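These notes are about the structure you will find just below.
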Amino acid sequence: MNTHFHAIIPAGGSGTRLWPLSRRATPKFLHDVLGLGRSLIQATWDRVAPIVGEDRVWVVTGESHFDQVAEQLPHIARAQIIAEPSPKDSAAAIGLAAMIIAREDPDAIVGSFSADHSITNVDEFRLVIDQAVAAAETGDIVTIGIMPRNPATAYGYIETGELLGLDGAPTARRALAFAEKPEASTARQYVNSGRYRWNAGMFIAKASSLLDILAEEDPPLYSGLARIAEAWDTPDHDEVLSAVWPGLEKRAIDYVVAEPAAAAGRVIVIPGDFGWDDVGDFDSVARLRQPVPGEPRGVISIGGNTDLLEVDASGVVFSEGPRTVAIVGLEDLVVVDTDDVLLITSRSHAQDVKKAVSVAGERGLDELL
């Protein structure tokens with residue numbers, strides 16, 4: 001275990017494609033979306049805490065979710081839950097955490113791991129992260145490139161180059177460029193070339209290296225975060241945070257750090273194939289919970305005490321309470337039954353659930369968001 005390795009878990013977003021299960025007040029990372037007995041953020045903790053040690057896990061989340069995160073993660077020190085007054089995207093979240101960590105540990109290596117993703121092969125994940133930490137000792141930014149299962153258009157891609165021959169990181173390659181979410185034809189070209197990996201948004205780097213690039217690429221954001229970090233454990237904390245945070249620009253870490261670093265030849269990719277999924281919609285949930293090949297598909301029930309009656313049907317059902325749900329003659333159905341909303345859709349339309357959230361907002365149904 002590298003005693004200077006710290007894990008940052010950004011826990012934000014509202015997960016609108018998993019509505020009405022995921023809401024502003026209770027976003028998807030707080031839910032046991034996959035019906036495995038642990039919420040997504042708890043599962044993330046379970047993966048990373050053994051790698052870095054419980055005392056080196058940090059969570060960045062919204063002020064309104066602070067108590068919920070603390071309750072779900074009882075082993076984390078409350079001082080290591082960093083509360084944001086409002087969402088400012090990943091550059092501010094990860095940058096602030098890196099600054100606070102670097103003040104305590106100037107030799108820190110930080111890794112960012114989303115609170116709401118799924119990984120099924122944890123042993124392989126840990127081996128890949130071990131390589132990433134070794135590669136980060138070079139001072140470059142390291143990212144994990146996921147072996148694509150299909151030409152997905154919902155993910156960004158990383159173009160990989162030659163093997164680097166690094167000690168402790170035998171599979172490390174140079175990252176040539178980051179690519180935005182592509183059209184279907186472009187995605188097929190990426191996958192067929194064998195050079196591209198999915199961008200899972202995991203970054204591992206020396207805190208000093210990450211912050212140097214942040215300072216160079218976005219000086220106003222860096223200086224604002226530095227003011228906040230300097231006051232973090234002082235009596236001026238609340239005053240400085242309320243004065244500076246609203247003026248920070250909302251930007252993703254990919255645009256501020258990863259892409260400029262890649263253009264300068266300073267990003268390393270560690271290929272990974274450990275069953276990663278961003279649990280982005282109900283189709284992802286159904287895929288992650290579907291039976292092994294060859295077994296009957298049927299209907300999967302998650303949560304609550306659902307009494308399921310299925311006849312010639314398949315799909316997934318979420319219920320927050322006791323309910324009898326009957327599905328007859330329908331394939332790949334998604335049913336989400338909460339106290340105030342009943343959602344019925346299909347796996348093929350799972351990406352469109354966020355449109356229902358938009359319609360609810362347009363109609364002024366804020367209590368449903």
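Bear in mind the structure is a predicted one, so any value in this text is a computation, not a measurement. When reading the values below, keep in mind they use all heavy atoms of this one structure, side chains included, and skip hydrogens, waters and symmetry mates.
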*Carefully, step by step, assess V325 and S319 under the rule side chain to side chain contact (heavy atoms under 4.5 Å, CB included).*
CA-CA 9 Å; V325 177; S319 180; 5.5 Å; no
*asked:* Would W45 and V59 count as a side chain to side chain contact (heavy atoms under 4.5 Å, CB included) here? Give the steps.
replied: CA-CA 10 Å; W45 166 275; V59 176; 5.9 Å; no
*Check the pair M99, W232 against side chain to side chain contact (heavy atoms under 4.5 Å, CB included), reporting the backbone distance first and the verdict last.*
CA-CA 10 Å; M99 287 182 180; W232 194 256; over 6 Å; no
*Could you walk me through whether S185 and R188 pass side-chain hydrogen bond (donor to acceptor under 3.5 Å, both in side chains), step by step?*
CA-CA 5 Å; S185 59; R188 285 192 294 271; 5.0 Å; no
*Please walk me through it: do L368 and V341 pass side chain to side chain contact (heavy atoms under 4.5 Å, CB included)?*
CA-CA 8 Å; L368 301 182; V341 176; 3.8 Å; yes
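Following chains of ILVMFWY side-chain contacts shorter than 4.5 Å, one cannot reach I253 starting from V142, and the two form parts of different hydrophobic clusters. By the rule that hydrophobic residues join a cluster once side-chain heavy atoms approach within less than 4.5 Å of another member, V317 and L309 end up as members of separate clusters. In terms of hydrophobic clustering, with Ile, Leu, Val, Met, Phe, Trp and Tyr side chains grouped at heavy-atom distances under 4.5 Å, L248 and L241 are assigned to a common cluster. The hydrophobic clustering, which links ILVMFWY residues whose side-chain heavy atoms are closer than 4.5 Å, places V48 and W58 apart. In the hydrophobic clustering of this structure, L127 does not group with I146; members are Ile, Leu, Val, Met, Phe, Trp, Tyr whose side-chain heavy atoms approach within less than 4.5 Å, directly or through other members.
Of all the heavy atoms in I41 and A11, the pair that sits closest is CD1-CB, 4.0 Å. In plain terms, the two heavy atoms of V191 and N150 that are nearest each other are CG2-O, 3.8 Å. Of all the heavy atoms in T306 and S301, the pair that sits closest is CB-OG, 3.5 Å. G201 and S112 get closest at one heavy-atom pair: O-OG, 3.9 Å.
Using a distance-only test at 3.5 Å, with no hydrogens or angles considered, no donor-acceptor pair links the side chain of E124 to the main chain of D273. Listed for the K250 side chain is no donor-acceptor partner under 3.5 Å among the backbone atoms of A91. Under a 3.5 Å cut-off, the side chain of R197 and the backbone N or O of G194 do form a donor-acceptor pair. Within the 3.5 Å criterion, the main-chain N or O of L342 finds no donor-acceptor partner in the side chain of D337. In this structure, the side chain of S22 engages the main chain of K28 through a donor-acceptor pair within 3.5 Å. Side-chain N or O atoms of S314 include one that pairs as donor or acceptor with a backbone N or O of D332 at under 3.5 Å. Between the side chain of Q42 and the backbone N or O of Q72, at least one donor-acceptor pair lies under 3.5 Å. A donor-acceptor contact shorter than 3.5 Å is absent between the side chain of R174 and the backbone of T160. Formation of a donor-acceptor pair under 3.5 Å by the T171 side chain with backbone atoms of I270 is not found in this model. For the pair H65 (side chain) and R24 (backbone), a donor-acceptor distance under 3.5 Å is present.
Classification of the Y190-Y196 ring pair by plane angle, with boundaries at 30° and 60°, yields parallel. Taking the six-membered ring for Trp and thresholds of 30 and 60 degrees, F203 and F178 have ring planes inclined between 30 and 60 degrees apart. Relative ring orientation between W276 and H117 is described as perpendicular, the plane-to-plane angle rising above 60° on a 0-90° scale split at 30° and 60°.
Taken to the nearest 0.5 Å, the CG atom of L73 stands 10.0 Å off from the CD atom of E54. Here the straight-line distance linking atom CG of N199 with atom CG of D278 works out to 11.0 Å at 0.5 Å rounding. A distance of 11.5 Å separates CD of E137 from CG of D167, quoted to the nearest 0.5 Å. Between the CG atom in L211 and the CG atom in L225 there is a gap of 9.0 Å [rounded to 0.5 Å].
Environment of CZ in R323: sparse, with no more than 12 heavy atoms of neighbouring residues, nucleotides or ligands closer than 6.0 Å.
Side-chain contact check for S86 versus W245: some heavy-atom pair is nearer than 4.5 Å. For the pair I82 and L96, the minimum side-chain heavy-atom distance is below 4.5 Å.
Look at R149 and D277 and you find a salt bridge, because one of the NZ, NE, NH1 or NH2 atoms lies within 4.0 Å of a carboxylate O, short of that distance. A salt bridge links D140 with R266: at least one charged nitrogen is closer than 4.0 Å to a carboxylate oxygen. Here D283 pairs with R287 in a salt bridge; the nearest charged N to carboxylate O distance falls below 4.0 Å.
Donor-acceptor pairing under 3.5 Å is recorded for the side chains of R47 and T44.
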